[in-house]
Protein chains: 2
Amino acid sequence: MSSNRRRLAPRPETAARREEILKASLEIFGSKGFNKGPLAEIAEQVGMTHAGVLHHFGSKDKLLVEVLRYRDSADLQDLEGQHIPDGADLFRHLVRTAFDNEQRPGIVQAYAVLSAESVTDKHPGHEYFVERYATLRVQLADAFHIMCEEHGVTDQTTVDHAAASILAVMDGLQVQWLLQPDSIELAETSAFAIETLVTAVLDPRPSALAIHDVTEQS
Amino acid sequence: MSSNRRRLAPRPETAARREEILKASLEIFGSKGFNKGPLAEIAEQVGMTHAGVLHHFGSKDKLLVEVLRYRDSADLQDLEGQHIPDGADLFRHLVRTAFDNEQRPGIVQAYAVLSAESVTDKHPGHEYFVERYATLRVQLADAFHIMCEEHGVTDQTTVDHAAASILAVMDGLQVQWLLQPDSIELAETSAFAIETLVTAVLDPRPSALAIHDVTEQS
DNA sequence: AGTAACTTACAATACAGTTAGTAAGTAACT
DNA sequence: AGTTACTTACTAACTGTATTGTAAGTTACT
């Protein structure tokens, strides 16, 4: 009894209009953050009023969620056609992404700003980012496991630490790069860090740093 | 003719009141972000109206800058008394900080949120974070140089990459930890990454990952 | 004919900052 | 010590603006 409402086919250009809105939203949210990025500005960029945007997405919160999922699907299409990267391929893919990212600061900024913002109270992007990181960490861990078998290494803890660390460096470097593009070589530094961490998992060796009693609260 | 205005000494309790405001601000800005954190809420927490807060700090923007500088000075006092950490000591200090941070999610969140927010257009914290990262990177690079001499290594590029990477992992891990505290071991993972990166600088070795043509745009 | 895709107009709220006023302090002079 | 002159540290009230969401109407597609 909830679906007896007659549903008419959407007009052919509607999908394209929605996509325009999603792109504009990513740009605005990226440059001003979600909270400070007004719907009116998004609407203006696609040539309508803010009420028009709400007609398509219902609310600002829902719009954000769709924006994030939209970028995901766009990124997935990049990988489509190629075989799913496994083992070393995934890490090479990450490095390539870092190189690509240098050419699209807007998108990088959107993710940097929104992911951090999403840790705040009741942020509409919270759930999305929790899932995203969890998924990515598992993907990296899986890639590690494939490579570990070949190298005869099996250390779950190290793999987990390295997976989280790789995602973390990439994100952290993006923030530094956005703040001072001329002082940070985003791609080269990412590549260095990823190579270092991957190598550390596959070929463990003693630390050059004595940490020992540091872990005890002084 | 503009500075002949008579300047009176502030009342004795004023300094303490200001500090209360700074603490409350860090908490509010940390939990809701700068944009969404209203002055009224800060004021309420210290028992005054938002106009009272503005009386002390002039504007919300100026308040944020003072909040950030205030935390810096508080952190500096922790290091005071001890000798300035050089070489390996600095890295051990970073690891210790990661352990401490697990006990103060509020402050961690404030820095994570505000640093990312500060990359947005005309954010009042922008300058502060640019300076902060620049300073920290130099500090790390200096520590590396001291250690490199002992090990007979001299690779400026690697040092720079590692310095930026270490700060980046710490920040990135914090975001993941704030999103999912139960899935991330903040301190242990930080320690792993720092040790790995330091060791990579002092004892370089070939990468287990063939990157080669990845750097060429496909 | 009915609905999708809007617009205009409006309601409701949230906020930063300003102004005017007050109580209580500080500092100088007597 | 007391008075005068001025300032600090506020509050209450208001202004202005920004901003999301909604309701009602219009046009054009299906």
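All chains are named by letter (A, B, ...) in the order of the sequence lines, taking the proteins before the strands, and each is independently numbered beginning at 1. For clarity, every value in this text was computed on a predicted model and none was experimentally measured.
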Subject >> Summary of ring pair (Phe, Tyr, Trp, His ring centres under 6.0 Å) pairs that have at least one residue in residues 173-195 of chain B, sequence neighbours excluded >> reply: A:H161-B:F192
Subject >> Difference in axis direction between the ends of the helix from C:dA1-D:dT30 to C:dT30-D:dA1, five pairs, 10° >> reply: 10°
Original post:
With the threshold set at 4.0 Å, does a side-chain nitrogen-carboxylate oxygen contact exist between B:R17 and B:E20?
Top reply: yes
Original post:
Which ones in residues 27-46 of chain B lie close to DNA chain D, meaning a heavy atom under 4.0 Å from one of its atoms?
Top reply: none
**OP:** Please answer whether the main-chain N or O of A:S118 pairs with a side-chain N or O of A:H126 as donor and acceptor at a distance below 3.5 Å.
**Re:** yes
Subject >> Length of the line joining B:H50:NE2 and D:dT15:P, which is rounded to integer Å >> reply: 14 Å
Original post:
Could you state the interatomic distance from OH (A:Y70) to CG (A:L22), rounded to the nearest 0.5 Å?
Top reply: 6.5 Å
**OP:** Please list all pairs passing the side-chain hydrogen bond (donor to acceptor under 3.5 Å, both in side chains) test where one or both residues lie in residues 129-138 of chain A, with sequence neighbours left out.
**Re:** A:Y133-A:D171, A:R137-B:Q176, A:R137-B:Q180
**OP:** Give every residue pair that meets the ring pair (Phe, Tyr, Trp, His ring centres under 6.0 Å) criterion with at least one member in residues 11-39 of chain A, sequence neighbours excluded.
**Re:** A:F29-A:F34, A:F34-A:H123
Original post:
side-chain contact (heavy atoms from CB on, under 4.5 Å) with B:M170: which of B:I194, B:V108, B:L136?
Top reply: B:I194
**OP:** Taking all heavy atoms of B:A164 and all of A:T189, pick out the closest pair and write down the distance.
**Re:** CB-CG2, 4.3 Å
Original post:
Can you list the residues that meet the side-chain hydrogen bond (donor to acceptor under 3.5 Å, both in side chains) rule with B:E102, with sequence neighbours excluded?
Top reply: none
Original post:
Looking at residues 109-125 of chain B, who's got a heavy atom less than 4.0 Å off DNA chain C?
Top reply: none
All N/O pairs under 3.5 Å across the protein-nucleotides 23-25 of chain C interface:
{"residue": "C:dA24", "atom": "N3", "partner": "B:R11", "partner atom": "NH2", "Å": "3.1"}

Under 3.5 Å, side-chain donor or acceptor atoms of residues 35-59 of chain A against the rest of the protein: list the pairs with distances, not counting sequence neighbours.
{"residue": "A:E41", "atom": "OE1", "partner": "A:K32", "partner atom": "NZ", "Å": "3.3"}
{"residue": "A:S59", "atom": "OG", "partner": "A:K62", "partner atom": "N", "Å": "3.2"}

Subject >> Nearest-neighbour nucleotide for the B:A51 side chain, C:dT18, D:dT22, D:dC10 considered >> reply: C:dT18
**OP:** Would you jot down, in residue-number order, the residues of residues 52-61 of chain A having a non-hydrogen atom under 4.0 Å from DNA chain C?
**Re:** A:G52, A:H55, A:H56
Subject >> Separation between OG of B:S25 and NZ of B:K60, rounded to the nearest 0.5 Å >> reply: 9.5 Å
Original post:
Partners of B:A163 by side chain to side chain contact (heavy atoms under 4.5 Å, CB included), sequence neighbours excluded?
Top reply: B:L140
Original post:
Is a side-chain N or O of A:S115 found less than 3.5 angstrom from the main chain of A:A112, in a donor-acceptor match?
Top reply: yes
Subject >> Ion pair A:D89/A:R92, N-O distance below 4.0 Å >> reply: yes
Original post:
What pairs of residues pass the salt bridge (Lys or Arg N to Asp or Glu O under 4.0 Å) test when at least one of them lies in residues 176-186 of chain B, not counting sequence neighbours?
Top reply: none
Original post:
Taking only side-chain nitrogens and oxygens of B:R17, does any of them come within less than 4.0 Å of OP1 or OP2 of D:dC10?
Top reply: yes
